[in-house]
Protein chains: 2
Amino acid sequence: MSTQSPTALAPRELAAWKGMLAAHSRLLARLDAELERDHGLPLTSYEVLMYLGDADGGHLRMGELADRLLLSRSGITRLADRLERQGLIGRRRCENDGRGLYAYLTPAGRDKLAAARPAHLAGVRRHFISRLAPDEIEELGAIWQRLLADEAAPA
Amino acid sequence: MSTQSPTALAPRELAAWKGMLAAHSRLLARLDAELERDHGLPLTSYEVLMYLGDADGGHLRMGELADRLLLSRSGITRLADRLERQGLIGRRRCENDGRGLYAYLTPAGRDKLAAARPAHLAGVRRHFISRLAPDEIEELGAIWQRLLADEAAPA
DNA sequence: CTGATATAGTTGCGTCCGCAATCATTTCGA
DNA sequence: TCGAAATGATTGCGGACGCAACTATATCAG
């Protein structure tokens, strides 16, 4: 009874799997804590500002934001509620589609993003990118792309 | 104004970073959904059963479980509450330390684990391990270990 | 031995999120 | 053109979690 079932993972496989969970958790916790501490901004809020700042025309549809942030529709509605209450973003009706809304940065939101962005990117570098060799960065990119390629459940 | 600040991430770096977030999110969502659908068990609940099933003596302290699951102390208390209500685990006082509790599997919990484990491991294989080459598994393990090595905030 | 401090776990409270239901608007078929 | 179905977003509701405060037990200094 010392060995597991036939599908059990080998130590190397386990390290690749559990390690990803642990590293991901720690990375996000640290980046979120730093962003919150230095700019009073949770990571998800930062991401909204960032996508809006980079968007053509300076605005994005709610659903588009939800997709990019990996959030549900209701999740993005409430996140936008909070950001609007903080005066960082606004929402206005889409002229082509009366159902849709555009989210956009307010001047305050623009300022907040300008202040937070360098700090956050530096954090990503410090905690993640700088600890990887160039070929490892390459390989990771290839792995994620492969994993994300199949739309439905894989074989 | 078309280029970003000096700390901006190169496309390769961005792919390595964002890809991890996206792949992690999709992987966990799928594994959790499969486990829930086939065995009525969220991933965190499964992990409790698994650690208890593998533990020496068949029991673990609450705090030890919290650390392994990357949960807070209150989080593990409530998760244990739920599992106990479902009849899958029990809690008894630790004989050496009147403050501590041992969590342990009930017979029902043992059965549930036996049923769910092969399915979950197969899922990890199908969605993750089987899509990686042996040397990629090796390299991922090395990367995670390196990232997790430094206890405090890295340089 | 006793009081101060540390540790294990739980509970109150607030936050964030997803699902299902809902409302408004658009699109499509007949 | 009109009703049916689809789509974008919001709201009600409940689940899961963390932080801070709390209880109970253990440990340690003197």
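Chain identifiers are assigned alphabetically (A, B, ...) following the order of the sequence lines, protein sequences preceding nucleic acid strands; residue numbering begins at 1 within each chain. Worth knowing before you read on, the calculation uses all heavy atoms, side chains too, and leaves out hydrogens, waters and symmetry mates. Keep in mind it's a predicted model, so treat the numbers as computed, not measured.
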Within this structure, what is the [atom1]-to-[atom2] distance between [X] and [N], rounded to whole angstrom?
X      : N       : atom1 : atom2 : value
L79(A) : dA9(D)  : CG    : C1'   : 14 Å
D32(A) : dC17(D) : CG    : P     : 17 Å
L83(A) : dC17(C) : CG    : C1'   : 15 Å
D81(B) : dG9(C)  : CG    : P     : 13 Å

From [X] [atom1] over to [Y] [atom2], what is the distance, rounded to the nearest 0.5 angstrom?
X       : Y       : atom1 : atom2 : answer
S130(B) : E13(A)  : OG    : CD    : 10.0 Å
D54(A)  : L113(A) : CG    : CG    : 7.5 Å
L27(B)  : F128(B) : CG    : CZ    : 6.5 Å

Applying salt bridge (Lys or Arg N to Asp or Glu O under 4.0 Å), name anything that partners E36(B), two or more places apart in sequence or on another chain.
none
Go through H39(A) and E34(A) one step at a time and tell me if the side-chain hydrogen bond (donor to acceptor under 3.5 Å, both in side chains) criterion holds.
CA-CA 8 Å; H39(A) 301 278; E34(A) 290 177 5; over 6 Å; no
Check whether the side chain of [X] and the base of [N] form a donor-acceptor pair under 3.5 Å.
X      : N       : answer
R82(B) : dG14(D) : no
R78(B) : dG18(D) : yes
S74(A) : dG18(C) : yes

Could you tell me whether R12(A) and E138(B) make a salt bridge, using a distance below 4.0 angstrom between a side-chain N and a carboxylate O?
yes
Using a 4.0 Å cut-off on heavy atoms, which residues in residues 57-73 of chain A reach DNA chain D? List them by number, or say none.
R61(A), M62(A), G63(A), R73(A)
For Y104(A) together with H59(A), are the ring centres under 6.0 Å from each other?
no
Could you check whether any side-chain heavy atom of L41(B) comes within less than 4.5 Å of a side-chain heavy atom of L49(B), counting everything from C-beta outward?
yes
Residues of residues 84-106 of chain A with any non-hydrogen atom less than 4.0 angstrom from an atom of DNA chain C: list those, numerically ordered, please.
D97(A), G98(A), R99(A)
